[in-house]
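As a basis for the values below, the full set of heavy atoms in this structure was taken, side chains included, without hydrogen atoms, waters or symmetry mates.
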Amino acid sequence: MGRIGCLFFLLILILGGGVAVDRGMGWWSGPGPLAQQTRLVLVPGGVEATGDQLAKAGVIRYPLIFALVAKATGDARHLKLGEYDFPAHVSPAGVIKLLLSGKTVKHKLVIPEGFSSAEVIAAVDAAPEMSGAAPRNLPEGAVLPETYIYSYGDSRAGMVARMERAMRQELDQLWADREPGLPLTSEAQAVTLASIVEKETGLPTERPKIAAVFYNRLKLGMKLQSDPTVIYAITKGDKPLGRPLDHDDLATASPYNTYASAGLPPGPIANPGKASLLAVLHPAHTKDLYFVADGTGGHAFAETLEAHNRNVVHLRESKAAASANGAAPAGTGGPAGATAPQPRH
């Protein structure tokens, strides 16, 4: 008859021909009462409490028999509690199998590339089904943007630690494999430059070219003149600027303002993704010193100021035509971008 069969026989005797007789072995392996898939968080408290939770949620009918069977088979000691999706009409045997598997509900937390650390913390704070608070004062550029999987009850502090660990591991590997001869002295500088590249373009194909522009400028002692660094100098990454940069912004007194200060800023302006880190550690080989938005979502690159000025004029003409047609004008961006009163060099 088997262990579970013997147990049911005993239950029949104990219950005097009640539910156990009515359902027999079919009750254990047959369809349960749950009408539709249901998500339920099972909390610690013993197998009897688990049976009660399942019965109250309509997953099973008979919590006492559920607990007795789980104990008799030894499964009660191995049930993994947490958040589960119970399929419609799951049998008690199926419930036990699911709880033994530990296949709890998995949640996703997406951290987009280029998020500031303030935005990362806000996203972690807003993530549902996590516990505790995220740590404050997260350094800029400390976490790796990607999709993180977590379970009910995972801590927010633990999640941030995972993100920091992911960045350290990714950066160590990429830095060890970097192209020789780059004018960088540390991984920290690579993250700083990658954060600027990240904010300058969302096009993967452009990132190595934009990295090359900044390297070419650094080698010649030219200022980087990156608009995103000016925005960070104003906002500190706490919130979007909410308006276009104007001429006065370019004179903002801050070491993060690369129109006013030479070289790299003192630290990252965002959390760059792997693609931007790769672009900085394996840049394109060009002589370009300038880039400006081309009006189509990308950028026009130039080796000389004269060619760059032509690109700026073309952009302004495109914006004027777009405005006349009622379309939204494209942005500017880039070293010596069209936001400047006069392209600089």
Side-chain donor-acceptor pairs of residues 41-60 under 3.5 Å, sequence neighbours excluded:
residue : atom : partner : partner atom : Å
E48     : OE2  : K71     : NZ           : 2.2
T50     : OG1  : G46     : O            : 3.2
Q53     : OE1  : V43     : N            : 3.2
Q53     : NE2  : V41     : O            : 3.0

Flag yes if M159 and Y152 sit in one hydrophobic cluster, no otherwise; membership is Ile, Leu, Val, Met, Phe, Trp, Tyr, and two members link when side-chain heavy atoms are under 4.5 Å apart. no
Answer whether the closest heavy-atom distance between the side chains of T38 and D85 falls below 4.5 Å. no
Of the non-hydrogen atoms in A260 and T252, which two are nearest, and what is the gap between them? CB-O, 4.2 Å
Please examine the side chains of L224 and L264, heavy atoms only from C-beta on, and report whether any two atoms are closer than 4.5 Å. yes
Test item: T73 side-chain N/O and V69 main-chain N/O as donor-acceptor pair under 3.5 Å: yes
Whether H299 and F291 hold their rings parallel, tilted or perpendicular, with breakpoints at 30° and 60°: perpendicular
Taking C-beta and beyond as the side chain, do L193 and Q189 meet within less than 4.5 Å on heavy atoms? no
Can a donor-acceptor pair be found, under 3.5 Å and without considering hydrogens, that links the side chain of Y290 to the backbone of N309? no
Taking H89 for the side chain and P31 for the main chain, is one N or O donor matched with an acceptor at less than 3.5 Å? no
If we ignore hydrogens and angles and just use 3.5 Å, is the side chain of N257 paired with the main-chain N or O of V230 as donor and acceptor? no
Rounded to the nearest 0.5 angstrom, the CE-CG distance for M163 and N271 is 9.5 Å
For G114 versus A270, what's the shortest heavy-atom pair and its separation? O-CB, 3.4 Å
Test salt bridge (charged side-chain N to carboxylate O under 4.0 Å, His left out) applied to R243 and D249, step by step: CA-CA 11 Å; R243 60 172 176 80; D249 293 328; 2.7 Å; yes
Identify whether V105 and V90 are in the same connected component of the hydrophobic contact network (ILVMFWY, side-chain heavy atoms under 4.5 Å). no
Any donor and acceptor pair, going by atom type alone, linking the side chain of K80 with main-chain N or O of L100 inside 3.5 Å? yes
Taking L138 as the starting point, is it possible to reach V191 by hopping between hydrophobic residues whose side chains are less than 4.5 Å apart? yes
Across all chains, not counting sequence neighbours, the ring pair (Phe, Tyr, Trp, His ring centres under 6.0 Å) partners of Y232 are Y256
According to the salt bridge (Lys or Arg N to Asp or Glu O under 4.0 Å) rule, which pairs have a member within residues 252-265, sequence neighbours left out? none
Locate the shortest heavy-atom distance separating P272 from G141; write the atom from each residue and the value. CD-CA, 4.4 Å
Check: D177 main-chain N/O paired with H282 side-chain donor or acceptor under 3.5 Å: yes
Count the heavy atoms of every other residue, nucleotide or ligand shown that sit under 6.0 Å from OH of Y148, and state whether that count exceeds 12. yes
Applying side-chain contact (heavy atoms from CB on, under 4.5 Å) to T205 and not counting sequence neighbours gives L203
List the residues meeting side-chain hydrogen bond (donor to acceptor under 3.5 Å, both in side chains) with E113, not counting sequence neighbours, and say none if there are none. R207
In short, G30 meets S91 closest at the heavy-atom pair O-CB, 2.8 Å
Is a side-chain donor or acceptor of S261 paired with a backbone partner of T258 at a separation under 3.5 angstrom? no
Results of ring pair (Phe, Tyr, Trp, His ring centres under 6.0 Å) for Y150 - residues two or more places apart only: H107
Once side-chain contact (heavy atoms from CB on, under 4.5 Å) is applied, do any residues pair with E306, and if so which ones, sequence neighbours excluded? T304, R310
Can you list every pair that meets ring-ring contact (aromatic ring centres under 6.0 Å, His included) and has a residue in residues 121-146, with sequence neighbours left out? none
dist I149:CD1 -> D154:CG (nearest 0.5 Å) comes out at 11.0 Å
On a heavy-atom basis, which atom in L109 and which in A127 lie closest, and how many Å separate them? CD1-CB, 4.2 Å
side-chain contact (heavy atoms from CB on, under 4.5 Å) partners of E119, counting only residues at least two apart: F115, S116
The reported gap from OG1 in T201 to NZ in K199 (rounded to nearest 0.5 angstrom) is 12.0 Å
Does any non-hydrogen side-chain atom of L182 lie less than 4.5 Å from one of P283? yes
Heavy-atom distance under 4.5 Å between the side chains of I96 and F66, does that happen here? yes
Give a yes or no on whether H314 atom NE2 has more than 12 heavy-atom contacts from other residues, nucleotides or ligands under 6.0 Å away. no
Among pairs that include at least one residue of residues 131-144, which meet salt bridge (Lys or Arg N to Asp or Glu O under 4.0 Å), considering only residues two or more places apart or in two chains? D125-R136
State whether the number of non-hydrogen atoms from other residues, nucleotides or ligands found under 6.0 Å of E129 atom CD is greater than 12. yes
Under 4.5 Å between any side-chain heavy atoms of H285 and E179, yes or no? yes
Treat each ILVMFWY residue as a node, draw an edge where side-chain heavy atoms are under 4.5 Å apart, and state whether L220 and L305 are in one component. yes
Quick note, ring-ring contact (aromatic ring centres under 6.0 Å, His included) partners involving residues 156-186, not counting sequence neighbours, are none
List for me each residue that meets side-chain contact (heavy atoms from CB on, under 4.5 Å) alongside T104, sequence neighbours excluded, and say none if there are none. Y84, K106, S151
Report the distance from atom CD1 of I269 to atom CD1 of I231, rounding to the nearest 0.5 Å. 8.0 Å
Give the minimum heavy-atom separation between L245 and L241, together with the two atoms involved. CD2-CD2, 3.6 Å
Taking G132's backbone N and O only, do any of them form a donor-acceptor pair with R156's side chain (distance below 3.5 Å, no angle check)? yes
Please round to the nearest 0.5 Å and tell me the distance separating atom OG of S155 and atom CZ of R162. 10.0 Å
Got a salt bridge between K287 and E303, using NZ or NE/NH1/NH2 to carboxylate O under 4.0 Å? no
Validation row: L171, L144 side chains within 4.5 angstrom (heavy atoms): no
Let me confirm one number: the CG-CD distance from L289 to Q225, rounded to the nearest 0.5 Å. 11.0 Å
Output yes when a side-chain donor or acceptor of R178 lies under 3.5 Å from a complementary backbone atom of L281, and no otherwise. no
Under 3.5 Å, is there a donor-acceptor pair between the side chain of D246 and the main chain of D248? yes
For residues E200 and P228, determine if any side-chain heavy atom of one lies less than 4.5 Å from a side-chain heavy atom of the other. yes
